[in-house]
Amino acid sequence: MTSPEAAPGGAIYDLGYQGYEGSRLGRAYALWSLYLLSVRNSFGIGRGALPKVLAFTLVLLAHALAIIQLILGAVLPVDEFELVRPDEYYQLIHFILVLFVAAIASDLVGNDRRARTLALYFSRPIERDDYALAKIAALSSTLLALTIAPQLLMFAGNALGAADGLDWVRDNADDLPRIVGSGLILCVTFGAIGIMVASYAERRAFSLISVVAIFFLSLTVVGIVISEFGNSETRYALFASPLHVIEGSTLYLFDALPALEEPARDGEPSFQLAWADFPGWIWPLAALAWAALSSAIVVRRFRGSI
């Protein structure tokens with residue numbers, strides 16, 4: 001038998017509790033951290049190889065037209081070369097933008113729900129509204145790399161390639177606020193719609209399909225309705241298509257809404273916008289209304305059932 005002297009001993013220390021005396025960064029810092037984390041995740045930073053490849057491939061594709069224009073402008077023996085006008089750039093990359101929104105939105109809000117980490121976010125100090133708005137802001141900010149960035153690259157390249165760069169900049173300086181304004185409206189609208197749809201889709205595949213459908217299915221259906229039943233009442237169906245609304249907003253800001261002698265309701269969205277004959281300023285307001293309504297739905301979604 002073990003003697004009492006050889007038995008293991010123990011000691012009790014009364015350490016008590018010490019209050020935290022460091023700085024408390026609070027709700028604003030937590031919100032900013034969540035926003036930065038979401039932006040990083042949008043580009044696949046801190047994640048596996050596949051999200052990085054997908055995100056940066058789509059960013060590169062969005063820059064493709066700008067890069068091609070810069071290369072041709074440097075090679076061709078002309079003073080000024082314009083393959084793509086600024087007012088039509090976003091229309092040509094709509095598919096890339098929608099695909100990017102569909103892929104990223106499902107990860108931004110879907111991963112937290114699938115990993116069951118929302119309860120940790122909502123414990124404190126982040127509120128449910130903070131989480132919803134941070135995700136919308138992150139996706140909208142990420143879209144700047146696919147919208148305003150290639151437009152500014154193209155603008156700078158055209159200035160450098162012109163015979164007199166300063167004269168070219170002075171002649172085209174009014175395009176800069178239009179590029180920024182139209183890009184911001186597009187990013188906020190697409191970001192809010194993408195997060196809204198993804199917040200209701202439980203699986204990544206459903207989220208991808210739903211985001212693509214709300215953009216392109218509405219574009220197709222509204223186009224058919226306008227073509228087949230064109231009258232003063234059906235023209236209001238254009239407001240149900242986000243791509244029609246964004247196209248109208250961009251053309252209005254660039255003062256490029258087509259003025260056709262006999263406006264046709266068939267064919268391209270720009271022709272249908274001209275046929276509808278709404279005041280041009282209504283399209284940016286309609287785009288912002290889409291963004292506001294989608295954001296309100298996202299906030300309500302995270303306040304309630306999650």
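Note that the numbering runs from 1 along the sequence shown for the chain.
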S38: side chain to side chain donor-acceptor pair (under 3.5 Å) partners, not counting sequence neighbours
K135

Inter- and intrachain pairs under ring-ring contact (aromatic ring centres under 6.0 Å, His included), touching residues 33-62, at least two apart
W32-Y35, F43-F56

Identify the residue among S295, S241, P242 that makes a side-chain contact (heavy atoms from CB on, under 4.5 Å) with W290.
P242

D255: salt bridge (Lys or Arg N to Asp or Glu O under 4.0 Å) partners, not counting sequence neighbours:
none

Sidechain-backbone polar pair: T142 side chain, A138 backbone, donor-acceptor under 3.5 Å
yes

Set of salt bridge (Lys or Arg N to Asp or Glu O under 4.0 Å) partners for E127, sequence neighbours left out
none

Going by the side-chain hydrogen bond (donor to acceptor under 3.5 Å, both in side chains) test, which pairs reach into residues 48-64, not counting sequence neighbours?
none

Which hydrophobic side chains are connected to I209, either touching it within the sub-4.5 Å cutoff or through other members that do?
none

Of all pairs that satisfy salt bridge (Lys or Arg N to Asp or Glu O under 4.0 Å), the ones with a partner from residues 239-252, not counting sequence neighbours:
none

Under the side chain to side chain donor-acceptor pair (under 3.5 Å) rule, collect the residues that match up with Y90, sequence neighbours excluded.
none

Tell me, which pairs form a side-chain hydrogen bond (donor to acceptor under 3.5 Å, both in side chains) where one or both residues lie in residues 181-196, sequence neighbours left out?
none

Please check if the distance between the ring centroids of Y89 and F254 is under 6.0 Å.
no

Who pairs with R27 by salt bridge (Lys or Arg N to Asp or Glu O under 4.0 Å), at least two apart in sequence or on another chain?
D130

Test salt bridge (Lys or Arg N to Asp or Glu O under 4.0 Å) applied to D87 - qualifying residues, sequence neighbours left out:
R85

So, does R128 use its side chain to make a donor-acceptor pair with the main chain of F302 at under 3.5 Å?
yes

Output for pair (I195 CD1, S140 OG), nearest 0.5 Å, gives 8.0 Å

L238 side, atom CG; W283 side, atom CH2 - distance, nearest 0.5 Å
4.5 Å

For V299, what are the other residues in its hydrophobic cluster, where any two members join if their side-chain heavy atoms are less than 4.5 angstrom apart?
L133

Under a 4.5 Å cut-off applied to non-hydrogen side-chain atoms, are L97 and V101 in contact?
no

Less than 4.5 Å apart, any side-chain heavy atom of V197 and any of F215?
no

